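The structure appears below as structure tokens.
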Amino acid sequence: MKTPITVTVTGAAGQIAYSLLFRIGSGSMFGPEQPVNLRLLEIEPAMNALQGVVMELRDAAFPLINDIVATCDPAEGFKGANWCILVGSVPRKAGMERKDLLGINGKVFVGQGKAIAANAAPDVRVFVVGNPCNTNSLIAKASAAGIPENRFFAMTRLDENRAKSQLADKAGVHVTDVTNLAIWGNHSSTQYPDFTHAKINGKPVTEVITDTEWLQNDFITTVQQRGAAIIKARGASSAASAASAAVDTVRSLVTPTPEGDWYSVAVCSDGSYGIEKGLMFSFPIRTKADGSWEIVQGLNIDAFSKEKIAATEAELKEERDAVRELGIL
Ligand code: NAD
Ligand code: LMR
């Protein structure tokens, strides 16, 4: 057995965490050989509920869980963390856009960014799920003095999984037959699920699905609006699929990516594809053999895609500017 790593999950008494924590405990996220110390952070009013979650985690008797700390003190919650999975924040209700949450959730990521910088392990990686996740991650990054910008991430893998599922359904293939699906930009209704580079059984999607009208319209809007459709149907936002996408994201970040493929996660833009540096922007990403990640370079972006990517970049700039106007940063 390896030395345990420390994983902090915020919002640990919430809906997503109720799926996520048990997947971490089972080894789905860090692998079947990797023990974990769980540090569960909540706000004070949720501490009773969190105690119940801790009881259930203990009752699940996971061999990989080494230790559990439940706390509402961020300094204690992030102590020694190698991974911080920031789920804790308010979900939107029907009729809202995710960016409408910025005024409520944004400031949480200032305090947490500072607490991570002061208390986490030197190799900490910070993965934001709580919405609006790209801009919350930007706030955490700006608040966490001394932590390199390439350690911050925000989740667009749920969008990638949704897009793959839509394409597989349309083509009558299994979802695992769909590869190279990049989500560009914001986890929002401006995101661009890029069908132009995606493949089905190694062939361009556009050769397998010849209904261009569907690809350019219904496909994109279905993926962009999927979160809202789930809220409408369930009366609550996606939780189990979000937890599963969080597992997929971290697994992809710690595992070399299969040759030729990529996955989606928002990272700090280095200016690739002309995207403004510093924005937390979802790109096609690969994990290298040494465990570091890179943005896939050299993809040809056609005029249709350029327009879509520009729209989602513009929205992320607006969110960044709103952070300043709201006095969050
Ligand atoms: P939830 O309301 O069930 O749980 C959120 C939990 O966070 C609550 O228990 C709450 O007490 C806790 N919390 C609030 N502020 C906190 C703080 N400062 N520190 C620690 N904990 C805090 O919500 P949920 O369904 O689990 O969703 C959580 C977030 O994830 C929402 O913002 C939601 O919109 C977002 N989300 C993102 C994606 C994505 O793809 N990026 C997908 C689904 C949901
Ligand atoms: C999702 O995509 O399901 C989440 O971001 C929740 C939401 O508000 O849509």
Side-chain angles (χ1 to χ4, degrees), residues 8-21 39-53 70-78 84-116 127-137 139-140 143 153-163 165 183 185-191 193 222-250 264-266 280 282:
T8 300
V9 177
T10 71
Q15 282 203 92
I16 293 175
Y18 195 64
S19 289
L20 179 62
L21 294 171
R39 299 187 87 85
L40 309 180
L41 183 63
E42 258 296 348
I43 48 174
E44 213 282 323
M47 286 308 286
N48 263 347
L50 183 57
Q51 289 308 334
V53 175
T71 180
C72 55
D73 172 7
E76 196 186 356
F78 293 118
C84 299
I85 306 180
L86 306 186
V87 181
S89 50
V90 175
R92 67 173 163 158
K93 304 272 183 304
M96 293 171 77
E97 286 293 333
R98 298 175 186 94
K99 63 187 168 196
D100 298 336
L101 295 168
L102 204 48
I104 306 169
N105 290 336
K107 55 189 177 301
V108 167
F109 294 84
V110 175
Q112 291 189 351
K114 287 182 183 164
I116 290 168
F127 172 40
V128 179
V129 173
N131 278 321
C133 61
N134 298 56
T135 300
N136 287 339
S137 185
I139 295 168
S143 307
F153 308 94
M155 186 159 96
T156 54
R157 182 59 163 268
L158 181 53
D159 309 298
E160 173 186 327
N161 290 347
R162 288 168 172 165
S165 160
I183 301 293
N186 201 1
H187 172 62
S188 76
S189 52
T190 65
Q191 65 174 279
T222 299
V223 177
Q224 289 174 333
Q225 297 296 336
R226 190 64 157 190
I230 289 166
I231 292 171
K232 193 166 172 223
R234 240 172 63 84
S237 64
S238 67
S241 59
S244 199
V247 169
D248 291 345
T249 308
V250 175
S264 307
V265 63
M280 292 299 296
S282 182

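Since this is a predicted model, take the numbers as computed values, not measurements. Heavy-atom basis, side chains included; hydrogens, waters and symmetry copies ignored. Start at 1 and go down the list; that is how both ligands and their atoms are numbered.
The protein atom (non-hydrogen) at minimum distance from atom 4 (O) of ligand 1 is Gly14 CA, 3.2 Å. The nearest heavy-atom contact from the protein to atom 3 (O) of ligand 1 is Gln15 N, 2.8 Å. Scanning all protein heavy atoms for the shortest distance to atom 29 (C) of ligand 1 gives Val87 O, 3.3 Å. Atom 33 (C) of ligand 1 has Asn131 ND2, 3.7 Å as its closest protein atom, hydrogens excluded (heavy atom only). Annotation: atom 41 (N) of ligand 1 to nearest protein heavy atom, Val129 O, 3.2 Å. In terms of protein heavy atoms, atom 16 (C) of ligand 1 is closest to Ile43 CG2, 3.5 Å. Given atom 22 (C) of ligand 1, the protein heavy atom at minimum distance is Gly88 CA, 3.8 Å.
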Evaluate the criterion side-chain contact (heavy atoms from CB on, under 4.5 Å) for residue pair Val128 and Cys133; output intermediate values, then yes/no. CA-CA 6 Å; Val128 179; Cys133 61; 4.1 Å; yes
After noting the C-alpha distance and the side-chain angles of Leu86 and Val9, does the key distance pass the side-chain contact (heavy atoms from CB on, under 4.5 Å) rule? CA-CA 6 Å; Leu86 306 186; Val9 177; over 6 Å; no
Could you walk me through whether Gln191 and Ser282 pass side-chain hydrogen bond (donor to acceptor under 3.5 Å, both in side chains), step by step? CA-CA 9 Å; Gln191 65 174 279; Ser282 182; over 6 Å; no
For a side-chain contact (heavy atoms from CB on, under 4.5 Å) check, start with the C-alpha distance between Gln112 and Leu41, then their side-chain angles and the critical distance, and finish with the verdict. CA-CA 10 Å; Gln112 291 189 351; Leu41 183 63; 4.0 Å; yes
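Of all the heavy atoms of Val90, the ones lying under 4.0 Å from any atom of ligand 1 belong exclusively to the backbone. The part of Gln112 lying near ligand 1 is the side chain, judged by heavy-atom distances below 4.0 Å. Heavy atoms of Val108 found under 4.0 angstrom from ligand 1 belong exclusively to the side chain. Contacts between Ser89 and ligand 1 below 4.0 angstrom, taking non-hydrogen atoms only, involve backbone and side chain alike.
With contacts defined as side-chain heavy-atom distances shorter than 4.5 Å, the pair Cys84/Phe78 qualifies. A heavy-atom distance below 4.5 Å is not found between the side chains of Phe153 and Val129. You'll find the side chain of Phe127 reaches within 4.5 Å of the side chain of Thr249, heavy atoms only. Here the side chains of Thr10 and Ile85 are not in contact, with every heavy-atom distance at 4.5 Å or above.
On a distance-only criterion, Arg92 and ligand 1 share no N/O pair closer than 3.5 Å. Between Glu42 and ligand 1, an N or O atom pair is found at a separation short of 3.5 Å. Every N/O-N/O distance between Ser238 and ligand 1 stays at or above 3.5 Å. For a threshold of 3.5 Å applied to N or O pairs, the pair formed by Ile16 and ligand 1 contains at least one separation below that value.
Formation of a donor-acceptor pair under 3.5 Å by the Arg39 side chain with backbone atoms of Glu76 is found in this model. Remark: side-chain polar atoms of Arg234 are paired, donor with acceptor, to backbone N or O of Ser237 under 3.5 angstrom.
For the atom pair CD of Gln225 and OG of Ser188, the computed distance is 9.5 Å after rounding to the nearest 0.5 Å. Atom OG of residue Ser238 and atom CD1 of residue Ile231 lie 7.5 Å apart, to the nearest 0.5 angstrom. If you take CG on Asp248 and OG on Ser264, they are separated by 11.0 Å, rounding to the nearest 0.5 Å.
Of all the heavy atoms in Gly77 and Thr8, the pair that sits closest is O-OG1, 2.7 Å.
Per-residue contacts place Ala242 under 4.0 angstrom from the following atoms of ligand 1 (heavy atoms of the residue considered): 42 (C), 43 (C). Shown in contact with Ala13 at under 4.0 Å from a heavy atom are these atoms of ligand 1, numbered in order with element: 9 (O). Near Cys133, meaning under 4.0 Å from one of its heavy atoms, ligand 1 places the atoms 41 (N). When each atom of ligand 1 is checked for a heavy atom of Leu41 under 4.0 Å away, the hits are 20 (C), 21 (N). Every atom of ligand 1 with a heavy atom of His187 under 4.0 Å away is listed here by number and element: 38 (C), 39 (C), 40 (O), 41 (N).
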Could you pull out every N or O of ligand 2 that sits under 3.5 Å from a protein N or O, with the distance for each pair?
{"unit_1": "ligand 2", "atom_1": "2 (O)", "unit_2": "Arg98", "atom_2": "NH2", "d": "2.9"}
{"unit_1": "ligand 2", "atom_1": "2 (O)", "unit_2": "Arg162", "atom_2": "NH1", "d": "2.9"}
{"unit_1": "ligand 2", "atom_1": "2 (O)", "unit_2": "Arg162", "atom_2": "NH2", "d": "3.4"}
{"unit_1": "ligand 2", "atom_1": "2 (O)", "unit_2": "His187", "atom_2": "NE2", "d": "3.2"}
{"unit_1": "ligand 2", "atom_1": "3 (O)", "unit_2": "Arg162", "atom_2": "NH2", "d": "2.7"}
{"unit_1": "ligand 2", "atom_1": "3 (O)", "unit_2": "Ser238", "atom_2": "OG", "d": "2.7"}
{"unit_1": "ligand 2", "atom_1": "5 (O)", "unit_2": "Arg98", "atom_2": "NE", "d": "2.8"}
{"unit_1": "ligand 2", "atom_1": "5 (O)", "unit_2": "Asn131", "atom_2": "ND2", "d": "2.8"}
{"unit_1": "ligand 2", "atom_1": "5 (O)", "unit_2": "His187", "atom_2": "NE2", "d": "2.6"}
{"unit_1": "ligand 2", "atom_1": "8 (O)", "unit_2": "Arg92", "atom_2": "NE", "d": "2.5"}
{"unit_1": "ligand 2", "atom_1": "9 (O)", "unit_2": "Arg92", "atom_2": "NE", "d": "3.2"}
{"unit_1": "ligand 2", "atom_1": "9 (O)", "unit_2": "Arg92", "atom_2": "NH2", "d": "2.7"}
{"unit_1": "ligand 2", "atom_1": "9 (O)", "unit_2": "Arg98", "atom_2": "NE", "d": "3.3"}
{"unit_1": "ligand 2", "atom_1": "9 (O)", "unit_2": "Arg98", "atom_2": "NH2", "d": "3.0"}

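Gly130 counts as a contact of ligand 1, since one of its heavy atoms falls under 4.0 Å from the ligand.
Summarising the contacts of atom 2 (O) of ligand 1 with Ala240, Gly11, Ala246, Pro91, the nearest heavy atom is found in Pro91.
Using a 3.5 Å distance cut-off with no hydrogens or angles, the side chains of Ser189 and Glu97 do pair a donor with an acceptor. Asn105 and Asn136 share no side-chain donor-acceptor pair at under 3.5 Å.
Across His187, Met155, Arg98, a single residue satisfies side-chain contact (heavy atoms from CB on, under 4.5 Å) together with Asn134, and that is His187.
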